[in-house]
Participant: 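Below is the structure I would like to discuss, written out as structure tokens.
Because the structure is predicted, anything quoted here is derived from the model rather than measured.
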2 protein chains.
Amino acid sequence: MVQFVHPAKEDIKLEGILGALADPMRLRIMKSLMGNEGCMSCSEAAPCPNIAKSTLSHHFRILREAGLIHTAKKGVENRNIVRTEEINQLFPGLLDLILKLSEEQ
Amino acid sequence: MVQFVHPAKEDIKLEGILGALADPMRLRIMKSLMGNEGCMSCSEAAPCPNIAKSTLSHHFRILREAGLIHTAKKGVENRNIVRTEEINQLFPGLLDLILKLSEEQ
DNA sequence: TACATTAGTTCAATAATAATGAATTATTGA
DNA sequence: TCAATAATTCATTATTATTGAACTAATGTA
């Protein structure tokens, strides 16, 4: 049985957030997740098809362990959702700003 | 003669900025530089004394090549200054927000 | 029930990046 | 000229990322 590691809200660190977002693929995953209301499976949110699924899994783990997303197994797939409320309480404006700025590049 | 590499404004990338700031020491260096009006030498801006100077030099290089700071050799030391105006034009609000949020941790 | 499919994880190996001691460069001052 | 200072570069080691292969768990189907 797979057990996902999610940090408690108080253990979410700014450096972890920045490090997790400091990667083009992870930024794109976050954009997918934020654009889509509700949950997405890993492969749905994946930015490009020609990527090893082990790599994808790794990136989701980074996002999860930084506290950016919550993952739950539902049936055969994972449902991923951004921890929007908690992140916004901890770091007001950060997520929206970064995602907005990344659009403009 | 040491030649510093500074990206042109249009080559400064959000991911590079985030990656450069995704490190506690570099965040603290940036805080030093932003708190202090004007330039600072590398060792002035260093967050702790017990750090290898090669490591410090490495961190300044990361900040420089991400486009966050400008370095110029002046006499025996380097004068480092944040590229505030350019960063703020490219990514309005980002730098101040990240530095502000990092204070609160 | 058994077998295949799907979605994703974990493991192990390799590739890339970070940290640091030692040696070096360049400037200043005695 | 020689020593001191500030920082870089180089070479080595340590850490982190990427990926193929093997595995797990849920679902669908004959």
Participant: Between dA7(D), dG21(C), dT9(C), spot the one nearest the side chain of Ala52(B), thanks.
Facilitator: dG21(C)
Participant: Calculate the interatomic distance between Lys73(A) atom NZ and dC23(D) atom C1'; express it in whole Å.
Facilitator: 11 Å
Participant: Within this structure, what is the CG-to-P distance between Leu56(B) and dA18(C), rounded to whole angstrom?
Facilitator: 16 Å
Participant: Identify the heavy atoms of Lys9(A) and Glu86(A) that sit nearest to each other, and give their distance.
Facilitator: CB-OE2, 3.8 Å
Participant: Whether the Thr71(A) and Asn78(A) side chains hold a donor-acceptor pair (N or O, under 3.5 Å, no angle test) is what I'd like checked.
Facilitator: no
Participant: Lys53(A) side chain: which of dT20(C), dA22(D), dT5(D) is closest?
Facilitator: dA22(D)
Participant: May I ask which nucleotide in the shown strands pairs with dG29(C), Watson-Crick or G-U wobble, both distances under 3.5 Å?
Facilitator: dC2(D)
Participant: Which nucleotide in the set dA18(C), dA25(D), dA6(D) lies at the smallest distance from any side-chain heavy atom of Ile62(B)?
Facilitator: dA18(C)
Participant: Could you tell me how far apart Phe4(A) (CZ) and dA25(D) (P) are, to the nearest whole angstrom?
Facilitator: 12 Å
Participant: Nearest of dA26(C), dG8(C), dT8(D) to any side-chain atom of Ser57(A)?
Facilitator: dG8(C)
Participant: Any side-chain N or O of Thr55(A) below 4.0 angstrom from OP1/OP2 of dT19(D)?
Facilitator: yes
Participant: Looking at dA7(D), dA26(D), dA19(C), which one has an atom nearest to any side-chain atom of Val76(A)?
Facilitator: dA26(D)
Participant: Rounded to the nearest angstrom, tell me the gap between atom CZ in Arg79(A) and atom P in dA26(D).
Facilitator: 16 Å
Participant: Nearest whole Å is fine: how far is dT18(D) C1' from Ile51(A) CD1?
Facilitator: 9 Å
Participant: Is there a donor and acceptor pair closer than 3.5 Å between the side chain of Ser54(A) and the base of dG20(D)?
Facilitator: yes
Participant: Identify whether the distance between the nearest side-chain nitrogen and carboxylate oxygen of Glu85(A) and Arg83(A) falls below 4.0 Å.
Facilitator: no
Participant: Quick one about Arg26(A) and His59(A) (side-chain donor to acceptor, distance below 3.5 Å, no hydrogens or angles considered), yes or no?
Facilitator: yes
Participant: Take atom CZ of Phe60(B) and atom C1' of dA7(D), then tell me their distance rounded to the nearest Å.
Facilitator: 10 Å
Participant: Please check the phosphate of dA18(C) (OP1 and OP2 only) for any side-chain N or O of Arg61(B) closer than 4.0 Å.
Facilitator: no
Participant: Starting at the 5' end of DNA chain C, which residue's closest nucleotide do you reach first, Lys74(B) or His59(B)?
Facilitator: His59(B)
Participant: For the backbone of Leu99(A) and the side chain of Ser102(A), can you confirm whether one donor and one acceptor N or O come within less than 3.5 Å of each other?
Facilitator: yes
Participant: Taking the nucleotide of DNA chain D with the nearest heavy atom to each, does His58(A) or Arg64(B) sit closer to the 5' end?
Facilitator: Arg64(B)
Participant: Taking 4.0 Å as the cut-off, does a side-chain nitrogen or oxygen of Asn78(A) come that near to OP1 or OP2 on dT9(C)?
Facilitator: yes
Participant: Would you mind reading off the distance between Asp23(B) atom CG and dA19(C) atom C1', rounded to a whole angstrom?
Facilitator: 11 Å
Participant: Rounding to a whole Å, what distance do you find between Glu65(A):CD and dT16(D):C1'?
Facilitator: 13 Å
